[in-house]
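The next block holds one structure in the form of structure tokens; read it before the comments.
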Amino acid sequence: MILPPGLTGLLTLGLLGRRVVAAPSAASRNGSPISWGSCESFGVSSTDPSFQCGYLEVPMDYHDSSAGNARLAVTKYAATANKLGSIFFNPGGPGSSGIETFGQGFSKVLQGAYDIVSWDLRGVGNTFPGDVYIFNNTAEDAAYWNNTVFAYINETISGRFDERDLKELYSQVETTQSKYKDFGERCVNSSSGPYLKYIGTSSTVRDLVSLGDAIVGKGEPIDFWGVSYGTVVGFNFLNMFPKRAGHVILDGVIDPDLWVSYKLLHSSLADTEKTYSGLTDGCAAAGSAGCKLAEITGDGASGDDVKNLINDAHDMALELYRAGYEVPAVPGFLKLWLATLLYSPTTWSEGVNGFLYEYVALVLQASQAYNVTVPGGRKYDVPSGNITIDDTVDTFYPNRTSYSQAAIAGSDDFSDGNVTTRDSFDVIVENTREVTPTFGTVWPVEYDPSGWPVRSVERLPPFSPKQLKYPVLVIGNVADPITPFASAQKTAHILGDDTFLLQQLGFGHTSLAQVSSCTLGIVGNYVANSTLPLGGTSRCPVDDNDLFPALNGTTADSRRSNLLRRWW
């Protein structure tokens with residue numbers, strides 16, 4: 001999946017235990033078979049005998065043998081029934097670990113008839129070359145970005161982009177571009193530097209084919225399921241190796257024309273507000289029995305009333321922060337946290353009734369104590385008593401010391417120095433004014449095309465129509481906070497007649513965010529029987545829309561647990 005945008009200076013808490021992966025020996029045979037065994041050496045503990053791991057050596061540069069070998073860390077959840085084949089899965093990111101993607105749930109969807117195979121991409125985890133480390137630990141990482149726009153934009157800018165906001169943002173253009181240039185030089189001079197040009201989607205697509213050769217046989221069709229960034233891998237697999245494409249599922253689709261364009265964020269956030277409204281409407285509908293924010297707005301409040309409460313808490317926290325008062329977390333952290341929460345609707349109840357309620361309540365108490373006026377003169381029931389903030393909330397976020405996401409995106413980038421930091425700032429302002437007023441300033445700081453110094457030895461080719469053996473199954477949610485349904489529609493249009501477009505009527509990032517027996521049934525029939533519903537398109541409801549069950553435990557809560565146990 002696309003990793004949630006981050007605030008480096010806010011999220012780098014504690015030290016990162018650096019994982020070192022040895023380079024393959026020069027004596028290793030290129031393309032050697034995978035020797036499957038325990039996954040313990042990969043840091044994954046499982047007693048399930050179907051869960052296996054191994055390595056596959058592949059060319060570092062598929063066009064230059066003198067570059068030596070890369071080594072892919074591969075995982076397999078072996079078929080538990082009469083085996084029909086293998087399906088390769090990419091969990092997205094870019095930079096998410098395939099090794100940590102446990103395949104048991106996917107095996108159940110496919111009735112145990114397939115080996116579920118995934119792997120750590122180049123620049124990730126146990127693969128060589130592995131994670132891209134620029135700093136020694138998270139404290140050093142945070143110190144490098146301190147007092148820069150990466151925290152600044154989310155700590156002190158309101159997000160309304162009035163005259164003050166615009167002045168503060170654009171005053172940072174030159175400093176920011178200089179920082180990115182220096183960061184790029186640090187990347188080149190790091191231990192990862194020599195391998196950066198071999199990290200990119202084109203190499204990953206070729207690695208997928210090498211894995212297919214090793215596991216299903218040379219020249220045999222390769223079945224592939226890619227989510228989020230995995231759809232970039234899948235789309236380019238179809239483009240580069242159409243004759244090897246078997247059943248291909250693109251789920252939570254990134255606009256293929258805008259991948260690594262500085263304008264991608266504009267496209268990606270098209271349904272973020274819609275997803276956010278799903279959360280606030282769900283909270284309001286549940287009332288205080290299922291959503292503690294209703295204790296503040298009062299039962300009978302609308303979703304817009306809940307949204308106003310959260311936005312007011314952000315604005316009051318900003319005013320307190322600017323005045324030098326202590327706040328539960330810097331204001332931008334609230335927006336970042338919310339943006340991340342939107343990915344997973346099944347965690348909405350826990351997150352809203354935990355950290356979000358505590359944050360809002362503490363800000364209201366502080367505003368009352370320091371006579372900070374509620375925006376718009378709205379009246380809230382301020383909670384009384386001692387309220388403590390959830391100190392485990394940082395576990396919602398990935399650690400930002402690894403810059404694998406930046407390395408992969410940078411390798412693919414086509415801007416070649418033609419994009420400036422000011423261009424990126426213009427998109428931030430445009431996003432906030434035209435696309436998502438709530439989340440326009442939640443900016444992914446890991447990568448900016450103005451400063452990344454390395455490009456892949458092989459660039460992604462332009463798309464040209466291909467004849468495929470099977471239609472491609474393209475899936476999008478009705479409200480996905482980072483890969484909108486419009487991107488799925490566009491991709492289906494680009495691929496032409498060889499597609500089936502499925503819209504899941506749920507929230508969150510990719511169809512995996514909520515259980516839909518309808519979607520999973522279509523996926524299962526497609527992979528196992530090469531059949532899809534008639535008509536070229538379909539819509540699937542999710543099995544459970546009750547995302548804010550009663551806080552005292554209900555049959556709805558039990559029902560969701562049973563569904564999750566059934567599928568995952």
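- Geometrically, Arg71 engages Tyr55 in a cation-pi contact, judged by NZ or CZ lying under 6.0 Å from the ring centre and within 45° of the ring axis.
- The distance between the ring centers of Phe88 and Trp225 does not fall below 6.0 angstrom.
- Between the side chains of Tyr170 and Asp426, at least one donor N or O sits under 3.5 Å from an acceptor N or O.
- Of the charged side-chain nitrogens involved, none lies within less than 4.0 Å of a carboxylate oxygen, so that Lys167 and Glu163 do not count as a salt-bridged pair.
- In this structure, the ring of Trp259 has its center less than 6.0 angstrom from the ring center of Tyr229.
- Under the 3.5 Å distance criterion, with hydrogens and angles disregarded, a donor-acceptor pair is assigned to the side chains of Tyr403 and Asp141.
- At least one side-chain heavy atom of Leu169 sits less than 4.5 Å from a side-chain heavy atom of Phe161.
- Using a cutoff of 4.0 Å between basic side-chain nitrogens and carboxylate oxygens, Lys274 and Asp480 are not scored as salt-bridged.
- Aromatic rings from Trp145 and Phe183 are positioned such that their centres are separated by under 6.0 Å.
- Salt bridge status for Lys490 with Asp255: present, with a side-chain N to carboxylate O gap under 4.0 Å.
- Side-chain atoms of Asp423 and Thr420 include a donor-acceptor pair closer than 3.5 Å.
- Here the two rings, on Tyr195 and Phe128, have centers that are under 6.0 Å apart.
- Applying the side chain to side chain contact (heavy atoms under 4.5 Å, CB included) criterion to Ser464, with sequence neighbours excluded, gives Asn239, Lys466.
- With respect to the salt-bridge test (charged N to carboxylate O, under 4.0 angstrom), the residues Asp213 and Arg244 qualify.
- Residues Phe106 and Tyr77 keep their aromatic ring centres 6.0 Å or farther apart.
- When only modelled atom types and interatomic distance are considered, Glu458 and Ser203 share no side-chain donor-acceptor pair under 3.5 Å.
- Ser511 and Asp251 are linked by a side-chain donor-acceptor pair at a separation below 3.5 angstrom, with hydrogens and angles left out of the test.
- A search for disulfide (SG to SG under 2.5 Å) contacts involving Cys187 returns nothing, not counting sequence neighbours.
- Residues satisfying the ring pair (Phe, Tyr, Trp, His ring centres under 6.0 Å) test with Phe237, not counting sequence neighbours, are none.
- A salt bridge links Arg122 to Asp207: one of the charged nitrogens lies within less than 4.0 Å of a carboxylate oxygen.
- Under 3.5 Å, the side chains of Ser344 and His509 contain no donor-acceptor pair of N or O atoms.
- Judged by distance alone, the side chains of Thr201 and Asn236 never bring a donor and an acceptor atom under 3.5 Å apart.
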